There are 2 protein chains.
Amino acid sequence: MIGVITIKDVKLQLGELCKQKRQIYEMSQEDLAVALDLSRYTIQKFENGKNATLDTVLKIVNHFDLLNNLYLALKDIENTNDINSLY
Amino acid sequence: MIGVITIKDVKLQLGELCKQKRQIYEMSQEDLAVALDLSRYTIQKFENGKNATLDTVLKIVNHFDLLNNLYLALKDIENTNDINSLY
DNA sequence: AATATTTGTGTATTATAATAAACAATTTAA
DNA sequence: TTAAATTGTTTATTATAATACACAAATATT
């Protein structure tokens, strides 16, 4: 298999997702920061794939109405019993 | 609609997921902590729905081979253009 | 029942995410 | 092309996640 996904990849992808959604809603980093009661620097770092806290991530996810999706995805994973259903 | 999902709900669900997967693999909190080079206290707090860092979450997700799933889910969300496809 | 293992909880310390402010670099609008 | 807005980066400070103990409570194991 080519291209195993790394933790860094996921952090970069999360950052991209934030940036993309933010731009769809025509918000600046500053706008988003104010809306979520976070500093612009926190948004800035997150969008560039740096580490963050779960609260920060979930605030952002929630702001773009994706919290329910995430919750259901987690429920799904929990009910998917095991290791790589490849059979 | 009844029961809007909150950030706290998602953190609790993440903790549950960790606990469940860990038990499937017959690991103690200590085992998992050692495997991921984290303290048991960090695992302990995470499983009980406390705040954590993204790195901690992704280390855990990765250990249970769910990183790829998560990445694909994020890609999916990124390509799902907009607000509640309810139409 | 007694012992061993695991989990929950407390305190103190360290590492680092988050904040705040300023300024440069870049992008967008006039 | 200039001005305005946005984004990137730095430094210093504060808040808090993570660590490293220890010990009690709860769950298995014998």
Side-chain angles (χ1 to χ4, degrees), chain A residues 5-64 66-67 70-71 74 77-78 81-83, chain B residues 5-64 66-67 70-71 74 77-78 81-83:
Chain A
I5 300 302
T6 67
I7 288 177
K8 189 166 191 180
D9 290 332
V10 174
K11 286 193 289 185
L12 286 169
Q13 182 58 30
L14 276 168
E16 275 306 313
L17 182 60
C18 177
K19 184 173 181 178
Q20 198 227 36
K21 293 292 176 189
R22 177 173 64 74
Q23 288 174 339
I24 287 174
Y25 286 80
E26 293 185 331
M27 302 178 84
S28 66
Q29 293 178 345
E30 175 73 14
D31 292 337
L32 184 58
V34 169
L36 301 181
D37 196 30
L38 294 171
S39 72
R40 183 171 68 83
Y41 191 49
T42 297
I43 302 293
Q44 165 70 21
K45 279 179 1 192
F46 180 67
E47 286 194 353
N48 289 323
K50 304 301 182 190
N51 198 10
T53 61
L54 191 49
D55 275 335
T56 293
V57 179
L58 295 182
K59 269 189 181 181
I60 293 168
V61 166
N62 180 55
H63 189 264
F64 296 122
L66 301 171
L67 205 56
L70 179 57
Y71 185 79
L74 292 175
I77 289 173
E78 186 161 7
N81 288 329
D82 34 353
I83 326 170
Chain B
I5 300 302
T6 66
I7 287 177
K8 188 165 192 181
D9 291 332
V10 174
K11 286 193 288 186
L12 286 168
Q13 182 58 30
L14 276 167
E16 275 304 313
L17 183 60
C18 177
K19 184 172 181 178
Q20 197 226 38
K21 293 294 176 186
R22 176 173 65 73
Q23 289 174 337
I24 287 175
Y25 286 81
E26 293 184 332
M27 302 177 82
S28 66
Q29 293 178 344
E30 175 73 14
D31 292 336
L32 184 58
V34 169
L36 301 181
D37 196 30
L38 293 172
S39 72
R40 182 172 69 83
Y41 193 48
T42 298
I43 302 293
Q44 166 70 20
K45 279 180 358 190
F46 180 67
E47 286 194 353
N48 289 324
K50 304 301 181 189
N51 198 10
T53 60
L54 192 48
D55 274 336
T56 293
V57 179
L58 295 182
K59 270 188 181 183
I60 293 168
V61 167
N62 180 55
H63 187 265
F64 296 122
L66 301 171
L67 204 56
L70 179 56
Y71 185 80
L74 292 175
I77 289 173
E78 185 162 8
N81 288 329
D82 33 353
I83 326 168

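Each chain gets a letter, A, B and so on, in the order its sequence line appears, and its residues count up from 1. What you see is a predicted model; the values in this text were computed from it and never measured. All heavy atoms count here, side chains included; hydrogens, waters and symmetry mates do not.
The structure places CG of A:N51 at 8.5 Å from CG of B:L58, a figure rounded to the nearest 0.5 Å. Separating the CD1 atom in B:I5 from the CG atom in A:L66 is a distance of 13.5 Å, to the nearest 0.5 Å.
Contact annotation: the side chain of B:L14 approaches that of A:L54 to within less than 4.5 Å [non-hydrogen atoms, C-beta and beyond].
Nearest heavy-atom pair, B:L67 versus B:V61, reported as atom, atom and distance to 0.1 Å: N-CG1, 3.6 Å. Across all their heavy atoms, B:T6 and B:D9 have their closest contact at N-OD2, 2.9 Å. For the residue pair A:F64 and A:C18, the shortest heavy atom distance occurs at CE1-O, 4.1 Å. The two atoms that bring A:E47 and A:R22 nearest to each other are OE2-NE, 2.7 Å, heavy atoms only.
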Tell me, for nucleotides 6-12 of chain D in 5' to 3' order, what letter each nucleotide earns: B for a base near a protein heavy atom under 4.0 Å, S for only sugar-phosphate near one, - for neither?
-> SBBBB--
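Using a 4.0 Å heavy-atom criterion, one finds that B:D37 contacts the sugar-phosphate atoms exclusively.
Every residue meeting the side chain to side chain donor-acceptor pair (under 3.5 Å) condition with B:Q44, not counting sequence neighbours, appears here in chain and number order: B:Q29. Evaluation of the ring pair (Phe, Tyr, Trp, His ring centres under 6.0 Å) rule for A:Y71 yields no partner, not counting sequence neighbours. In this view, B:K50 and B:K45 satisfy the side-chain contact (heavy atoms from CB on, under 4.5 Å) rule, not counting sequence neighbours. For B:L36, the side-chain contact (heavy atoms from CB on, under 4.5 Å) criterion is met by B:L32, B:L38, B:K59, B:I60, B:H63, not counting sequence neighbours. The side-chain contact (heavy atoms from CB on, under 4.5 Å) test applied to A:E16 returns B:E78, not counting sequence neighbours. Remark: B:K11 engages A:D55 in a salt bridge (charged side-chain N to carboxylate O under 4.0 Å, His left out) (not counting sequence neighbours).
In this structure, B:L58 atom CG and D:dA18 atom P are separated by 12 Å, rounded to whole Å.
Between chain A and DNA chain C, the heavy-atom contact criterion of under 4.0 Å yields a 5' to 3' nucleotide range of C:dA17 to C:dA22.
Contacts with DNA chain D (heavy atom under 4.0 Å) in residues 5-13 of chain A: none are found.
With axes fitted over five pairs at each extremity, the angle between the ends of the helix from C:dA1-D:dT30 to C:dA30-D:dT1 is 60° (10° resolution).
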